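Notes for the one structure printed next.
For clarity, every value in this text was computed on a predicted model and none was experimentally measured.
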Amino acid sequence: RKADGASRQMQQQLSTRVQWIALDLAKQDAPFALYRFCKGKRVDLLVNNAGFGLFGNLWETDLQEELELLDVNIRALHILTKLFVKEFRRRNSGILLNVASSAGFLTGPLMASYYASKNYVVRLSLALAEELRRAGSSVSVSVLCPGPVDTNFNNRAGVSFHVQALDSKTVARYAIDGALHGKTILVPGLLMKLSLFGARLVPPKLLLLDEHTAALDPATSEKIMQI
């Protein structure tokens, strides 16, 4: 019912036809089920946006949740990227937009699995983009690397950030516009662009101490991470 309601809402907001499928991408067959659902439909733009984070020391976080994180953030994205890029290559057209994070260029104590997963997304996307370029393909790959965005991510991960979150609609428009123009790395917001550039100049150990110090407020039990 929730999926049907969301589909109706999208149909009211968009001038084009909307088709909806509800899947848990942590399930082993879900990425393949999504691809089968899309077979026979011309897909020109694939957005791999599913993902979530976990907060805590690696020895304390729940193993099952971490495995689900890896299944969603890495496995599902990898499968869908591979299946669709094969199809795009056959017809020599199509756009892949993989949603990573500024975390994809950094190391994240207390969110180790999440940061590692986004590093995977960034490196996979950049490597694939170069492979396609060398092959002379018209297929393009873009990777979105925002800082905090105003979504339900913080609630799911159990964190809140010191820096102000970007508006999700603004980030979405920026990402789609950049992907349609063939840009490879998309980093919305001047502050995050400067932060990532500056991170290249800082020794790794100093970066870990200054950029990723997290504190737990005992009064509110609010987990706060500075990025």
Residues in salt bridge (Lys or Arg N to Asp or Glu O under 4.0 Å) contact with Arg90, at least two apart in sequence or another chain: none

To the nearest 0.5 Å, atom CZ of Phe88 lies from atom OG1 of Thr81 at 9.5 Å

Other residues, nucleotides and ligands only: do more than 12 of their heavy atoms fall within 6.0 Å of NZ on Lys86? no

Sequence neighbours excluded, which residues qualify as side-chain hydrogen bond (donor to acceptor under 3.5 Å, both in side chains) partners of Thr184? none

What salt bridge (charged side-chain N to carboxylate O under 4.0 Å, His left out) pairs are there with at least one residue in residues 94-104, not counting sequence neighbours? none

Using the side chain to side chain contact (heavy atoms under 4.5 Å, CB included) criterion, which residues pair with Ser142? Sequence neighbours excluded. Leu97, Ala179, Leu186

How long is the span from the CG atom in Leu128 to the OG atom in Ser140, to the nearest 0.5 Å? 10.0 Å

Contacts of Val99 that satisfy side chain to side chain contact (heavy atoms under 4.5 Å, CB included) - sequence neighbours left out: Val47, Asn49, Leu144

If you look only at distance, which donor and acceptor atoms sit under 3.5 Å apart when one is on a side chain in residues 25-38 and the other is two or more places apart or in another chain?
unit_1 : atom_1 : unit_2 : atom_2 : d
Gln28  : OE1    : Arg75  : NE     : 3.4
Gln28  : OE1    : Arg75  : NH2    : 3.3
Asp29  : OD2    : Arg36  : NH2    : 2.8
Tyr35  : OH     : Glu87  : OE1    : 3.2

Can you name the side-chain hydrogen bond (donor to acceptor under 3.5 Å, both in side chains) partners of Asn73, sequence neighbours left out? Ser117

Apply side-chain hydrogen bond (donor to acceptor under 3.5 Å, both in side chains) to Thr61 and list each qualifying residue two or more places apart in sequence or on a separate chain. Glu66

Test side chain to side chain contact (heavy atoms under 4.5 Å, CB included) applied to Gln64 - qualifying residues, sequence neighbours left out: Asp62, Leu67, Glu68

Which residues pass the side-chain hydrogen bond (donor to acceptor under 3.5 Å, both in side chains) test with Arg133, not counting sequence neighbours? Glu130

Could you pull out all residues at least two apart from Leu124 that satisfy side chain to side chain contact (heavy atoms under 4.5 Å, CB included)? Leu77, His78, Tyr120

Side-chain heavy atoms under 4.5 Å apart, restricted to Ile/Leu/Val/Met/Phe/Trp/Tyr: what other residues fall into the cluster of Trp59, or is it alone? none

